[in-house]
Amino acid sequence: MQPATCNMQMSTNQRIAQLLAETADLMEIAQEDGFRIRSYRNAAAAIEGSPEQMADILADPRRKLTDIKGIGKGIAFVIGEIVERGSFERRDEMLTRYPPTALELLKIQGLGPKSIGLLWEHYRVSTVDQLEALCREGKLRELPRMGQKLEEKVLRSIETYRRGAGRFLLSHADEVAQSLRDWLSQVVPAQRCHIAGSLRRSKETVGDLDLLVESENPLLVLDRFVASPEVGEVLAKGANKASALVGRQQIQVDVRALPSASLGAALQYFSGSKEHNVALRTRAVNRKLSLNEYGLFREGDSTPVAAATEEDIYGALGLAWIAPELREHSGEIESAEQGTLPTLVELSQMRGDLHMHTRESDGRGTLEEMALAAKALGYEYIAITDHSKALAMANGLDEQRALAFARLVEQVNREGHLGIRVLSGIECDILRDGRMDLDDEALAALDFVVASVHSYMNQESGEMTQRLLRAIDNPHVKAIGHPTGRILLHRDAYAYQFEEVATACAAKRVAMEINASPERLDLHASLIRGAKAKGVRFVVDTDAHHPRHLTNMKFGVGMARRGWLEAADILNTQSYENLRKLLRP
DNA sequence: GCCGTTTTCGGCCCGACTGTTTTCAGTCG
């Protein structure tokens, strides 16, 4: 497998985490000590969730990597090696024993590290193509504990894998979940059907869907589930749990039926993340308790200490309840212990949406349609931010049209017939050299200028950094739109020095956007935390191109929550008057 | 390889489901 390209300097943490995790996978195939493997994985997770760059800590003689929980002497050394030369000894050694393509085989459902190791030993099989051939020839069944059924399962898994299945947009998972909930409501009230897993945590992409259904009659629930017209292949169906591939995109859905008395334990358990849960269970063990999906138990006692609600479970472990979005084992347990968890922003606190398009450029609604849809959501204000002229394909506005638009908005607000305040805005292209696409006179006439990169995204990091810094220097720019440019499952973030740009945003009072479009969800949670630490303020906006896209705000708020943001960190939770005061003058 | 409110050594999270067995290992979440 080609390691995911990671072209941002700012994502070296991600790169380090990826190398550690990949090496852990290879060590697992080699059947090395499981605890050592787990240490590598723990360290990878700790690094990925860290708002601070490992390289920065290394460069600072006053700091030590080993102060980070999960990083000891050994891995600190490894990180140093990675920063220095892009790899480390143990990884190099593993790669001489197994080809990197073997990692790809881990993505095939039904095959784990043991089997992959065995396949390599016996047949020197290390690619999906070779594996497929082996199954078709019926050779898999010649290995111990493998049979015809496994061959069939692997062939189906390969097909799913090749279809590009794996990760899904949050919005897709959300739709499937809602529709299954409706379908199950025939046998169990919708409020007894709970979403868990990474969807509940608002992770930007979702691998599978976990539904928990409170019911005294599991069979009824599971039968109803697999009978759904959306359900394709049923992967497993037992007494309490069923798994199936659902919908055209074949997302895997796991449905578990359980009694209400253990709902809290099950919600906690199946919401993850895995790292958070491991940490929580370790905490339980340290207190002579044991935590599983049925409850928190004292040794040798089958009556749970806590089980019915998540609050009970966290409480019994000496912790405040932790919002699912924070459960990534990146400091939330310590905060819950000390009572310093943030009061996370809520969707209901959003008072406006400051990035949307109309038919004037590439949107599908009119100003009136967008305004009325926003009003129906309870907003006090919106900014219409059509594209600027550099995006000719999108019919972007030139100076003349922008000025005319500003006058039109003034008139609309004067008349007041829409019942919602409209800000005249623009999503102005940041040109190749960092200049704005529109002249200062036009920008000055507008209420809200979002500056975005839409071109030359492959610039060298230093150049891109300078480009963004120059844009932030423009006194009319109020926010940086979709700051990393990533398109989920499709395009990586463009390369630049994020920290430097965030520092400049804080200093110049330019907001960073958290783009709520499900294809973007840009910024990533760890960057949000990093930027907040630098003093950056944010706007959470939908970038709607259609009135119905305005409801995507919930995904953006989910990202903000994953970034530990409170309402005060976000400008468009503020009243119109406050917003005007807080925006760069 | 990491870690310490029993520990600087000796621990390290937990259960369901499946398929191939002949009592359970591997995978998954």
Side-chain angles (χ1 to χ4, degrees), chain A residues 20 23-24 27-29 31-46 65-79 88 90 105-119 140-154 157 196-199 201 206-212 218 222 234-244 252-258 262 265-266 268-297 299 317-318 329 337:
Chain A
L20 289 173
T23 306
M27 287 160 67
E28 199 163 21
I29 292 171
Q31 297 195 55
E32 295 199 10
D33 173 48
F35 295 116
R36 177 177 293 182
I37 293 168
R38 205 164 70 195
S39 294
Y40 273 75
R41 295 228 169 94
N42 282 343
L65 285 173
T66 47
D67 288 341
I68 298 170
K69 217 168 145 55
I71 298 179
K73 255 175 86 179
I75 289 187
F77 185 77
V78 160
I79 295 171
F88 58 103
R90 178 149 216 123
L105 295 182
L106 282 170
K107 296 199 191 297
I108 305 297
Q109 291 268 317
L111 281 191
K114 288 253 173 69
S115 310
I116 292 166
L118 212 56
L119 281 169
L140 208 61
R141 68 187 75 173
E142 290 172 17
L143 294 178
R145 288 202 157 267
M146 298 194 190
Q148 189 184 344
K149 286 217 171 168
L150 184 66
E151 285 171 351
E152 288 163 9
K153 185 190 172 103
V154 167
S157 298
S198 43
L199 176 57
R201 301 202 316 280
V206 169
D208 59 14
L209 204 55
D210 291 288
L211 294 182
L212 304 181
L222 299 183
V234 176
L235 303 169
K237 182 162 174 284
N240 301 304
K241 177 201 149 168
S243 301
Q252 181 174 332
V253 181
D254 296 340
V255 176
R256 287 180 178 81
L258 53 119
S262 62
Q268 197 294 306
Y269 190 93
F270 291 111
S271 292
S273 67
K274 205 164 112 187
E275 293 76 18
H276 175 87
N277 284 358
V278 168
L280 214 58
R281 286 198 289 275
T282 305
R283 187 180 177 89
V285 167
N286 289 340
R287 291 162 186 244
K288 299 264 183 238
L289 296 165
S290 153
L291 180 61
N292 61 31
E293 59 259 55
Y294 302 107
L296 184 64
F297 298 90
E299 218 172 295
L317 291 170
H329 194 32
E337 184 169 45

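Each chain gets a letter, A, B and so on, in the order its sequence line appears, and its residues count up from 1.
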With a 4.0 Å cut-off on heavy atoms, is [X] in touch with a base, just the backbone sugar-phosphate, or nothing at all?
X: A:K73; value: sugar-phosphate
X: A:I116; value: nothing
X: A:G110; value: sugar-phosphate
X: A:F270; value: nothing
X: A:A284; value: nothing
X: A:E151; value: nothing
X: A:I37; value: nothing
X: A:S243; value: nothing
X: A:N277; value: nothing
X: A:N42; value: nothing
X: A:R287; value: nothing
X: A:G34; value: nothing
X: A:K274; value: nothing
X: A:L280; value: nothing

Legend entry - Note: A:R283-A:E337 ion pair, threshold 4.0 Å (strictly below):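 Judged by the 4.0 Å cut-off on N to carboxylate O distance, A:R283 and A:E337 do form a salt bridge.
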Legend entry - Presence of salt bridge, A:R41 and A:E28, under 4.0 angstrom: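 The answer is yes: the pair qualifies as a salt bridge.
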Inset, instruction - Could you say whether A:S115 or A:L291 is positioned toward the 5' end of DNA chain B, judged by the nucleotide with the nearest heavy atom to each? - result: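 Result of the comparison: A:L291.
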Legend entry - Comparing A:D210 and A:G70 on DNA chain B - which has the more 5′ nearest nucleotide: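 This one resolves to A:G70.
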Inset, instruction - For B:dT8, give its Watson-Crick or G-U wobble partner with both distances under 3.5 Å, or none. - result: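 Because no pair has both required distances under 3.5 Å, B:dT8 counts as unpaired.
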If we take the [atom1] atom in both [N] and [M], what is their distance in whole Å?
N: B:dT20; M: B:dG15; atom1: P; answer: 26 Å
N: B:dT8; M: B:dG1; atom1: C1'; answer: 14 Å
N: B:dG10; M: B:dT6; atom1: C1'; answer: 13 Å
N: B:dC2; M: B:dC13; atom1: C1'; answer: 15 Å
N: B:dG11; M: B:dA16; atom1: C1'; answer: 26 Å
N: B:dC17; M: B:dC12; atom1: P; answer: 26 Å

Atom [atom1] of [X] and atom [atom2] of [Y]: how far apart are they, to the nearest 0.5 Å?
X: A:L143; Y: A:S115; atom1: CG; atom2: OG; answer: 8.5 Å
X: A:I71; Y: A:K73; atom1: CD1; atom2: NZ; answer: 15.5 Å
X: A:K153; Y: A:I108; atom1: NZ; atom2: CD1; answer: 12.0 Å
X: A:I75; Y: A:L65; atom1: CD1; atom2: CG; answer: 11.0 Å

Inset, instruction - Taking all non-hydrogen atoms of both residues into account, name the closest pair between A:R256 and A:L258 and its distance. - result: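 Distance-wise, the nearest heavy atoms are O-CD2, 3.8 Å.
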Inset, instruction - Could you pull out all residues at least two apart from A:S273 that satisfy side chain to side chain donor-acceptor pair (under 3.5 Å)? - result: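 A:S273 satisfies side chain to side chain donor-acceptor pair (under 3.5 Å) with A:E275 once adjacent residues are dropped.
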Legend entry - Boundaries of the DNA chain B segment in contact with chain A, non-hydrogen, under 4.0 Å: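 Both ends considered, the range comes out as B:dG1 to B:dG29.
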